[in-house]
Amino acid sequence: ALANMDLKRREPKSRKKKLTFIRIGTSGAIQNDIPIGSFLISNAAVGLDNVTKYYDIPFTDTEKIIAQSIFNEIDLPSMPYVIGGSDKLKAYFNDDYIRGNTITAPGFYAPQGRSLRLNTKYPKILDQIMSFHKHDFWISNLEMETAAFYAFSRAMGHHAISINAILANRVKNKFSKNPTKVINTLIKKVLEDIYASDL
């Protein structure tokens, strides 16, 4: 809105700017071979929220097929969506980053297979997410932002990528002993990579 809306007139500007967004966030791995302290770029994201159902978001045929497969194989209250990040931005980051597919949950507890005082309606959800694959599409990590971030960036013509500091491995039930150091290292690395590129 700041870049492409005339805030006085409350109207879109006639000339739109294409923006670049890089999310640096935290995440938990849900595959055994992703180490704590590693950095992961989200090739695509699976959204368990329903916000995109209210907008005209362009999904590819492949994304629709994977979303349907996830819905067929994982106990979910509604159809998920799958959306890729910016291929242009992915090319700026080297092999120091793991490439994976991120599932975006709409909550911290039951949507991620956790329970405290309330029982979850879908007790097998985490195991099902961990074991799901469609051809070479596996789900690598879990967080709460990337899918909608990718969806709205695509719909508005922007470039977006999500880079995750892996602070836990849910399969091994292990957690980072120094999460602040991991996050700070990732922030510094991403900024150095941006500086070295022509972004």
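Using a 4.5 Å cut-off between side-chain heavy atoms of Ile, Leu, Val, Met, Phe, Trp and Tyr, with links allowed through other members, L126 and F137 fall into the same hydrophobic cluster. Both L89 and I83 are assigned to one and the same hydrophobic cluster, defined by single-linkage of ILVMFWY side chains at heavy-atom distances under 4.5 Å. Linking Ile, Leu, Val, Met, Phe, Trp and Tyr residues whenever their side-chain heavy atoms come within less than 4.5 Å places F39 and Y92 in a single cluster. Tracing side-chain contacts under 4.5 Å through hydrophobic residues (I, L, V, M, F, W, Y), one reaches V190 starting from I183; they form part of the same cluster. Grouping the Ile, Leu, Val, Met, Phe, Trp and Tyr side chains by contacts below 4.5 angstrom, directly or via other members, places F59 with Y54.
Around the NZ atom of K181, the shell of radius 6.0 Å holds no more than 12 heavy atoms that belong to other residues, nucleotides or ligands. In K124, the NZ atom is not crowded: 12 or fewer heavy atoms of neighbouring residues, nucleotides or ligands sit closer than 6.0 Å. More than 12 heavy atoms of other residues, nucleotides or ligands sit less than 6.0 Å from atom CG of L7. In this structure, K53 places its NZ atom where more than 12 heavy-atom neighbours from other residues, nucleotides or ligands lie under 6.0 Å away.
Using modelled atom types and a 3.5 Å distance limit, the side chains of N50 and Y81 yield no donor-acceptor pair. In the model, T102 has a side-chain atom that pairs as donor or acceptor with a side-chain atom of N141 under 3.5 Å.
Taking OG1 of T120 as the start and CG of L116 as the end, the distance is 11.5 Å to the nearest 0.5 Å. For the atom pair I36 CD1 and K177 NZ, the distance stands at 9.5 Å (nearest 0.5 Å).
Of all non-hydrogen atoms in G37 and V182, the two that sit nearest each other are CA-CG1, 4.0 Å. Pairing each heavy atom of P179 with each of S176, the nearest pair is N-OG, 3.3 Å. Annotation for S140 and I34: closest pair O-CD1, 3.4 Å, computed over non-hydrogen atoms. When every heavy atom of I41 is checked against every heavy atom of K90, the shortest pair comes out as CG2-CG, 4.4 Å. Across P80 and V46, no two heavy atoms sit closer than the pair CB-CG1, 4.1 Å. Minimum interatomic distance between T104 and A45 (heavy atoms only, all atoms of both residues): OG1-CB, 4.4 Å.
Judged as a ring-ring contact (aromatic ring centres under 6.0 Å, His included), the pairs with a partner in residues 102-136 (not counting sequence neighbours) are, in order, H133-W138.
N169 places a side-chain N or O within donor-acceptor distance of the main-chain N or O of Q31, the cut-off being under 3.5 Å. Side-chain N or O atoms of E11 include none that pairs as donor or acceptor with a backbone N or O of M5 at under 3.5 Å.
In this structure F93 satisfies the ring pair (Phe, Tyr, Trp, His ring centres under 6.0 Å) test together with Y97, sequence neighbours excluded.
Contact of the F71 side chain with the Q68 side chain is registered, since non-hydrogen atoms from C-beta on lie closer than 4.5 Å. When side chains are defined from C-beta on, R170 counts as touching R114, because their heavy atoms get closer than 4.5 Å. Counting heavy atoms from C-beta outward, K134 and I65 have side chains that approach closer than 4.5 Å.
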Could you pull out all donor-acceptor pairs under 3.5 Å where a side-chain atom in residues 146-167 meets a protein atom, sequence neighbours excluded?
| residue | atom | partner | partner atom | Å |
| --- | --- | --- | --- | --- |
| T146 | OG1 | E143 | OE2 | 2.5 |
| T146 | OG1 | S162 | OG | 2.7 |
| Y150 | OH | S42 | O | 2.6 |
| Y150 | OH | S162 | N | 2.9 |
| S153 | OG | F149 | O | 2.8 |
| R154 | NH1 | P58 | O | 2.8 |
| R154 | NH1 | E63 | OE1 | 2.8 |
| R154 | NH1 | E63 | OE2 | 3.4 |
| R154 | NH2 | E63 | OE2 | 2.7 |
| H158 | ND1 | L19 | N | 3.0 |
| H159 | ND1 | S86 | OG | 2.9 |
| S162 | OG | R23 | NH1 | 2.9 |
| N164 | OD1 | R23 | NH1 | 2.9 |
| N164 | ND2 | L40 | O | 3.1 |
| N164 | ND2 | S42 | OG | 3.0 |

Checking side-chain contact (heavy atoms from CB on, under 4.5 Å) for the pair I125/D75: CA distance, chi angles, key distance, verdict? CA-CA 6 Å; I125 188 171; D75 294 332; 5.8 Å; no

